[in-house]
Amino acid sequence: MQIRIKEVKTLADDWYVLKKTTFEYRRRDGTWQTMSRETYDRGHGAVILLYNLVRRTVILVRQFRYPAYGYGGTHDGYLLEAPAGLLDAATPEQRIRAEVEEETGYRVHQVRRVFEAFMSPGSVTERLYFFVAEYEPDSRVSGGGGVEQEGEDIEVVELDIDAALAMVADGRIEDGKTIMLLQHAALVLFRDGSGAPAVGRML
Ligand SMILES: Nc1nc2c(ncn2[C@@H]2O[C@H](COP(=O)(O)OP(=O)(O)O[C@H]3O[C@H](CO)[C@@H](O)[C@H](O)[C@@H]3O)[C@@H](O)[C@H]2O)c(=O)[nH]1
Ligand SMILES: [Mg+2]
């Protein structure tokens, strides 16, 4: 056993839960050390990149993110992101299909899970599940935009994959999960036009 929990204090539980935990940690040399860490628990999340190989396009969403805006307004707060949502009680696959339609209006049936990642493991408990799916222009069943009553005001943006990658390079796209999925698209999805992973593909 590497950890002994001593005390858990809830510092805030208004929207999600912020806790401070004091624990003993057994260092690799066998000695025990006491430390405390704050953790913000919003559950887990899922994110998806919609792509079209023939058109060489992807679908992103632009929305206002107050934490990016910051207290001093040093950033305008608008981020271009791959559509994403918190899981609540659903499985990642169920949630991402519903979320992508809610935010973009595109209905997708087949989604492929590509990887999972802790996005900020120094303080946030969330694990994010990453998906990709092909879309067709005629698979759009509504305007998307998110849930207005929850304050969502989401603009749907279709971008050429090379233009999106250029926006990563010059800083116009600066959301971590989105950069990861666009790089996956460049390395795997659009690499030879087959959409199949390079590793394990029949040559
Ligand atoms: N009242 C209130 N509402 C909040 C608060 N924080 C978030 N919300 C609302 O909660 C909803 C969450 O929307 P989702 O689409 O489910 O989640 P998301 O914010 O897009 O999160 C996704 O991206 C995050 C950032 O990369 C990821 O951390 C997360 O896992 C997920 O993938 C939004 O309507 C948002 O306005 C809050 O503190 N108070
Ligand atoms: Mg969202």
Side-chain angles (χ1 to χ4, degrees), residues 10-20 37-51 58-108 111-133 135 139-159 164 167-168 171-185:
T10 299
L11 302 180
D13 65 352
D14 186 19
W15 186 250
Y16 288 110
V17 185
L18 176 66
K19 288 180 179 165
K20 179 175 180 172
R37 289 291 180 270
E38 290 182 11
T39 49
Y40 189 43
D41 186 352
R42 326 192 315 149
H44 300 305
V47 57
I48 190 164
L49 187 70
L50 297 182
Y51 67 98
V58 294
I59 301 289
L60 300 180
V61 291
R62 185 181 280 115
Q63 63 191 313
F64 180 72
R65 293 290 197 180
Y66 184 72
Y69 176 78
Y71 301 102
T74 48
H75 186 287
D76 70 7
Y78 284 90
L79 294 186
L80 256 180
E81 304 179 26
L86 299 167
L87 297 187
D88 299 322
T91 67
E93 284 81 358
Q94 285 169 339
R95 189 63 223 139
I96 202 60
R97 268 199 291 270
E99 191 69 28
V100 74
E101 185 170 328
E102 207 173 279
E103 294 193 354
T104 70
Y106 285 91
R107 182 165 297 166
V108 290
V111 297
R112 298 204 310 280
R113 196 193 284 202
V114 286
F115 42 75
E116 299 169 22
F118 288 103
M119 299 303 287
S120 195
S123 56
V124 181
T125 60
E126 178 180 68
R127 171 178 275 166
L128 197 55
Y129 297 84
F130 289 74
F131 292 88
V132 296
Y135 77 96
S139 51
R140 195 157 188 200
V141 297
S142 71
V147 183
E148 189 175 335
Q149 296 86 322
E150 289 177 10
E152 289 183 324
D153 176 26
I154 293 173
E155 180 192 352
V156 182
V157 181
E158 184 174 47
L159 282 175
M167 292 170 84
V168 172
R172 279 178 293 161
I173 291 178
E174 47 188 346
D175 173 60
K177 61 184 182 297
T178 308
I179 295 172
M180 291 165 76
L181 279 171
L182 289 173
Q183 291 185 344
H184 174 79

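All heavy atoms count here, side chains included; hydrogens, waters and symmetry mates do not. Order of listing sets the numbers, starting from 1, for every ligand and every atom in it.
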Do we see a donor-acceptor contact under 3.5 Å between the side chains of E126 and Y16?
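No.
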Any luck finding a side-chain donor-acceptor pair between E174 and H75 under 3.5 Å?
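There is such a pair (donor and acceptor under 3.5 Å, judged by atom type) between the side chains of E174 and H75.
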Among [options], which residue satisfies the side-chain contact (heavy atoms from CB on, under 4.5 Å) criterion with [X]?
| X | options | answer |
| --- | --- | --- |
| L60 | T104, D175, V156, L49 | L49 |
| F131 | L181, V47, L50, I96 | I96 |
| M167 | L182, T178, L80, I179 | L80 |

Atom-level proximity to ligand 1, residues with heavy atom under 4.0 Å
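Protein residues near ligand 1 are W15, R42, G45, A46, R65, A84, G85, L86, E99, E103, E126, L128, E150, E152, K177.
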Among residues at least two apart in sequence or on other chains, which ones pass salt bridge (Lys or Arg N to Asp or Glu O under 4.0 Å) with E99?
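E99: salt bridge (Lys or Arg N to Asp or Glu O under 4.0 Å) contacts with R95.
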Report the protein N/O/S neighbours of the Mg ion (ligand 2) that fall below 2.8 Å; do not count waters.
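The answer, once waters are left aside, is A84 O, E103 OE2.
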How are the rings of H184 and F115 set to each other: parallel, tilted or perpendicular (split at 30° and 60°)?
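Rings of H184 and F115: perpendicular, as their planes differ by over 60°.
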Neighbour count >12 (heavy atoms, 6.0 Å) for atom CG, D153:
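No, not enclosed.
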For S142, check side-chain contact (heavy atoms from CB on, under 4.5 Å) against everything at least two apart and list the hits.
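S142 satisfies side-chain contact (heavy atoms from CB on, under 4.5 Å) with no other residue.
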